[in-house]
4 protein chains.
Amino acid sequence: MKTKAPAEPATRQRRKEARPQELLQAALELFVEKGFAATRSEEVAQRAGVSKGTLYLYYPSKEELFKAVVRQNLSNLIAEGQEMAGQFEGSSSELLGCLLQTWWDRFGSTPAAGIHKIVLAEVRNFPELAQFYTDEVILPADALFSGCVQRGIARGEFRPMPVHEVAQALIAPMIFMAVHRHSFGCCPVNGGVDIDPAAVLKTHLNLVLQGLEVRGAPA
Amino acid sequence: MKTKAPAEPATRQRRKEARPQELLQAALELFVEKGFAATRSEEVAQRAGVSKGTLYLYYPSKEELFKAVVRQNLSNLIAEGQEMAGQFEGSSSELLGCLLQTWWDRFGSTPAAGIHKIVLAEVRNFPELAQFYTDEVILPADALFSGCVQRGIARGEFRPMPVHEVAQALIAPMIFMAVHRHSFGCCPVNGGVDIDPAAVLKTHLNLVLQGLEVRGAPA
Amino acid sequence: MKTKAPAEPATRQRRKEARPQELLQAALELFVEKGFAATRSEEVAQRAGVSKGTLYLYYPSKEELFKAVVRQNLSNLIAEGQEMAGQFEGSSSELLGCLLQTWWDRFGSTPAAGIHKIVLAEVRNFPELAQFYTDEVILPADALFSGCVQRGIARGEFRPMPVHEVAQALIAPMIFMAVHRHSFGCCPVNGGVDIDPAAVLKTHLNLVLQGLEVRGAPA
Amino acid sequence: MKTKAPAEPATRQRRKEARPQELLQAALELFVEKGFAATRSEEVAQRAGVSKGTLYLYYPSKEELFKAVVRQNLSNLIAEGQEMAGQFEGSSSELLGCLLQTWWDRFGSTPAAGIHKIVLAEVRNFPELAQFYTDEVILPADALFSGCVQRGIARGEFRPMPVHEVAQALIAPMIFMAVHRHSFGCCPVNGGVDIDPAAVLKTHLNLVLQGLEVRGAPA
DNA sequence: TATGAATGAGACTTCATTCAT
DNA sequence: GATGAATGAAGTCTCATTCAT
């Protein structure tokens with residue numbers, strides 16, 4: 001005798017709790033693919049398997065949905081890195097290498113990087129987003145990376161340099177590539193420059209670490 | 001004796017010739033500010049001091065207007081750099097320094113960089129733009145920078161490294177900052193990381209040039 | 001015992017089912033009255049008691065709406081006539097008289113005839129409509145009428161004549177009047193020729209039937 | 001030595017006088033081809049070889065241009081027929097045959113018939129046109145044809161019948177075909193009924209003349 | 001809660017008409 | 001007179017959002 005599949009915890013209930021997650025996932029994909037304006041609310045709902053009306057039960061507007069997507073995908077990224085850095089015991093070169101790798105794995109190669117692309121383009125239309133993003137992403141990231149550079153200088157591993165500027169130079173290629181992956185990287189063009197992010201990152205790290213060296217002293 | 005002083009063409013005529021320029025200028029500003037979709041055709045016309053209909057006299061659609069803006073602002077930028085590089089006689093370090101500075105002056109610090117921001121975000125919705133931009137901007141830029149790196153290696157100034165990857169690492173921070181200037185750089189946030197592009201570029205160059213050095217040999 | 005009285009479906013639902021009908025009715029009236037181009041979409045919606053957007057929920061464009069109106073009003077008219085003709089047992093004169101009368105009742109005197117007026121005027125701008133209308137209306141009508149003429153000739157009731165041309169001559173006055181009714185017939189003019197369609201048809205039939213007679217033999 | 005070609009009367013002058021004619025000609029063609037609304041003023045001007053502005057020097061609006069086209073092409077059509085009929089000395093059958101042929105040559109097979117198609121469709125949007133057209137075309141045509149029928153009855157050639165209704169039946173197929181020629185007749189459809197107007201007219205005349213005969217008396 | 005029919009502001013675009021040259 | 005650049009009202013269609021069921 002078929003009773004309503006008892007194996008699964010009441011399907012309706014499970015769906016209800018999963019809804020925000022599913023909606024944000026669908027919205028993430030579509031925003032990254034098409035941009036904010038070109039993504040239709042109904043399409044988000046469809047991809048999440050619900051109706052248009054249901055979307056509005058969870059997010060009062062497309063703008064709020066966008067902000068929620070940004071928050072979900074970009075917060076919490078920094079804490080991990082910070083924690084790792086605080087416990088690190090090896091050389092600062094190793095720390096930076098480790099950090100960049102982690103950063104790429106956790107940001108550059110994930111959909112979060114696609115969101116960054118959209119935020120770059122839309123932030124001037126969403127003033128509150130600028131503050132949020134600065135507080136949640138930009139400042140912590142700067143603190144993390146410039147802190148590591150500072151550590152290296154303090155320990156005599158790196159020559160003295162302006163730490164914020166070095167931090168910028170460190171992360172810029174990574175962000176650049178992360179954005180690229182979701183932009184031109186998705187367009188089938190003839191003869192485009194085929195970039196292997198891993199190779200660029202390795203080269204970049206190689207360059208910068210030698211660049212940071214105290215002259216004459218091997219890293 | 002020629003009457004009808006040719007120096008000052010009839011007003012109507014003069015406007016007609018200036019119109020495309022004025023419209024592209026207005027469109028550039030608004031696209032950079034708000035993005036493609038969020039910019040209304042009428043707004044572009046207004047800023048150029050004409051009516052909605054006049055815009056369509058010169059560009060058959062908003063999309064074509066966008067493409068015209070891209071063409072005007074991004075093509076022709078590369079040729080100059082390439083020419084300069086070909087005639088350069090100093091060291092490759094000096095050449096790279098010179099090139100990056102020129103690049104920043106001619107691209108990064110101009111509204112053209114704002115267009116790059118938009119293109120990044122919208123290119124997936126404009127397949128033909130992707131090809132155009134790759135051909136006109138991305139490939140030439142790669143050829144220019146990786147050519148200079150190659151020159152340095154060939155002359156024994158730089159250690160052997162993968163040239164395309166180095167080129168990426170070289171230009172990425174600049175593009176990153178160029179985009180940033182038209183994105184978060186325009187948002188008044190409290191406590192934001194205040195980046196001085198010139199300082200970052202100088203630091204970046206400093207780092208990379210030492211990074212490219214043949215070890216043990218001063219630049 | 002079934003509760004939820006199925007006789008009266010929920011209001012929303014009932015409207016949804018009735019909408020296409022209501023919209024087609026409104027569109028028919030307005031197209032006949034003003035022509036295709038001069039009828040505004042919003043006006044159709046208003047007359048059907050809905051908003052502009054709702055119209056586009058049911059028909060993706062004004063052109064498709066027009067085609068739907070043509071389909072609804074003109075197809076299916078022929079089948080009946082064909083069936084009637086196939087089962088008819090009286091003389092061919094009676095058959096033609098009966099057919100013309102039916103045709104007038106079901107087409108000429110209904111709004112459907114107004115659509116024919118529009119199609120005549122607009123068909124050159126809608127190539128696919130031309131094919132559709134030829135297949136659905138013109139060819140079947142020709143087959144019906146020329147078939148009846150053929151029957152009369154085969155049975156020795158009518159003198160031998162070119163059947164398609166006779167069919168044209170037979171239906172032309174009716175179509176002429178049908179179109180007239182929705183054109184000049186609606187304009188209040190002073191001293192216009194006041195045509196009584198029934199009288200013209202009767203006279204026309206009278207003329208043609210005697211014209212078809214085998215000479216010397218009474219009908 | 002080339003002087004301004006003296007053979008031609010000052011070109012500018014000649015053009016100026018020919019302008020209205022050329023504009024009406026261009027407008028006639030385009031209105032017939034595309035209908036009133038779908039014809040753009042500029043297109044009319046272009047086809048007449050003048051600029052948009054010039055069109056408005058001669059006709060204050062598209063609507064007035066339309067009316068002028070109607071007037072030019074449809075007035076003067078009747079007088080000739082009327083005159084011919086008054087002087088005719090043969091039998092009434094011959095007169096009708098002659099008249100229909102003339103009518104076809106002077107109206108059905110000329111662009112004027114195309115205008116009739118447009119007028120049919122647009123007259124409800126141009127109330128004054130209805131009166132004009134009734135006075136200038138419909139009433140005279142009716143008078144002409146019903147007069148001829150009356151003549152035949154009075155002379156004992158035709159059996160007594162309602163003359164106006166007979167007149168309708170007489171001209172309807174011709175108008176029908178005239179309109180058809182500029183409507184479906186211009187659309188390349190597969191399998192359309194291919195009508196030869198001359199054959200239909202001949203058949204029609206044949207039918208109607210026998211239909212008008214006093215029974216038992218050969219025409 | 002969930003749905004999806006309905007709304008209507010607003011976007012892009014067209015084109016009849018005007019008017020400075 | 002002739003031109004054609006310029007205008008702006010008006011039309012088609014989209015889509016974020018609402019709300020009766």
Side-chain angles (χ1 to χ4, degrees), chain A residues 12-13 15-16 19 37-46 49-65, chain B residues 4 9-17 19 37-46 49-65, chain C residues 9-17 19 37-46 48-65, chain D residues 12-13 15-16 19 37-46 49-65:
Chain A
R12 183 73 77 83
Q13 194 56 32
R15 296 304 304 274
K16 196 172 91 176
R19 279 285 147 74
T39 296
R40 281 176 300 130
S41 305
E42 182 159 24
E43 218 175 342
V44 174
Q46 268 178 3
V50 300
S51 73
K52 221 179 342 179
T54 302
L55 171 60
Y56 282 85
L57 291 176
Y58 292 91
Y59 301 96
S61 73
K62 191 176 155 187
E63 189 168 327
E64 288 301 322
L65 173 63
Chain B
K4 283 275 184 186
T11 300
R12 266 286 185 77
Q13 196 56 33
R14 201 187 58 230
R15 296 311 301 275
K16 189 198 170 180
E17 279 157 17
R19 279 285 142 74
T39 297
R40 281 175 301 123
S41 304
E42 186 160 18
E43 216 173 348
V44 174
Q46 270 176 1
V50 299
S51 75
K52 211 176 3 174
T54 301
L55 172 59
Y56 284 87
L57 243 42
Y58 293 89
Y59 300 97
S61 70
K62 191 174 150 187
E63 187 169 330
E64 285 302 321
L65 173 64
Chain C
T11 299
R12 267 285 185 76
Q13 196 56 33
R14 199 187 59 230
R15 296 312 301 276
K16 189 198 170 182
E17 279 157 16
R19 280 286 141 72
T39 297
R40 282 176 299 122
S41 305
E42 187 160 17
E43 216 173 346
V44 174
Q46 270 176 1
V50 300
S51 73
K52 205 177 9 173
T54 301
L55 172 59
Y56 284 88
L57 243 42
Y58 293 90
Y59 301 97
S61 72
K62 192 175 149 186
E63 187 169 332
E64 285 302 321
L65 173 63
Chain D
R12 182 73 76 82
Q13 194 55 34
R15 295 305 303 274
K16 197 173 92 176
R19 281 285 148 72
T39 296
R40 281 175 302 128
S41 305
E42 183 160 22
E43 217 175 345
V44 174
Q46 269 179 4
V50 299
S51 74
K52 220 178 342 178
T54 302
L55 171 59
Y56 282 85
L57 291 176
Y58 292 91
Y59 301 97
S61 72
K62 191 176 155 187
E63 190 169 326
E64 287 301 324
L65 172 64

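Just so it is clear: chains get the letters A, B, ... in the order the sequence lines come, proteins before strands, and each one is counted from 1.
In this entry the distance linking CZ of B/Arg19 with C1' of F/dT7 reads 11 Å, nearest Å. If you measure from atom NZ of C/Lys62 to atom P of F/dA10, you get 15 Å, rounded to the nearest angstrom. If you measure from atom CD of B/Gln46 to atom P of F/dG8, you get 11 Å, rounded to the nearest angstrom. The distance from atom CD of D/Glu42 to atom C1' of F/dT7 is 14 Å, rounded to the nearest whole Å. Rounded to whole angstrom, the span from the CG atom of A/Leu65 across to the C1' atom of F/dC15 amounts to 15 Å. In this entry the distance linking CD of C/Glu17 with P of E/dA5 reads 11 Å, nearest Å. Atom pair B/Arg40:CZ and F/dC15:C1' shows a separation of 16 Å (rounding to whole Å applied).
Listed by chain and residue number, B/Ala37 satisfy the side chain to side chain contact (heavy atoms under 4.5 Å, CB included) test with A/Ala37 (two or more places apart in sequence, or in another chain). Partners of B/Glu42 according to the salt bridge (Lys or Arg N to Asp or Glu O under 4.0 Å) rule, which considers only residues two or more places apart in sequence or in another chain, do not exist here. By the side chain to side chain donor-acceptor pair (under 3.5 Å) test, A/Tyr56 pairs with A/Ser41, sequence neighbours left out. Partners of C/Thr54 according to the side chain to side chain donor-acceptor pair (under 3.5 Å) rule, which considers only residues two or more places apart in sequence or in another chain, are C/Ser51. Residues that satisfy the salt bridge (Lys or Arg N to Asp or Glu O under 4.0 Å) test with C/Glu64, not counting sequence neighbours, are C/Lys67.
Along DNA chain F, the nucleotide nearest to B/Gly49 and the one nearest to C/Ala37 differ in position, and the one closer to the 5' end is contacted by B/Gly49. Both D/Thr39 and B/Thr39 sit near DNA chain E, but only B/Thr39 has its closest nucleotide nearer the 5' end.
Expressed to the nearest 0.5 Å, how far CD of A/Glu43 lies from NZ of A/Lys52 amounts to 12.5 Å. Atom CZ in C/Arg19 sits 11.0 Å away from atom CG in C/Leu55 (nearest 0.5 Å).
The stretch residues 50-58 of chain B comes close to DNA chain F through B/Val50, B/Ser51, B/Lys52, B/Gly53, B/Thr54, B/Leu57, B/Tyr58, each having a heavy atom under 4.0 Å from the strand.
Scanning all heavy atoms of the two residues, the minimum distance from C/Lys62 to C/Thr39 falls at NZ-O, 2.8 Å.
In DNA chain E, runs of at least 3 consecutive Watson-Crick or G-U pairs, each pair with both distances below 3.5 Å, span E:2-21 with F:2-21.
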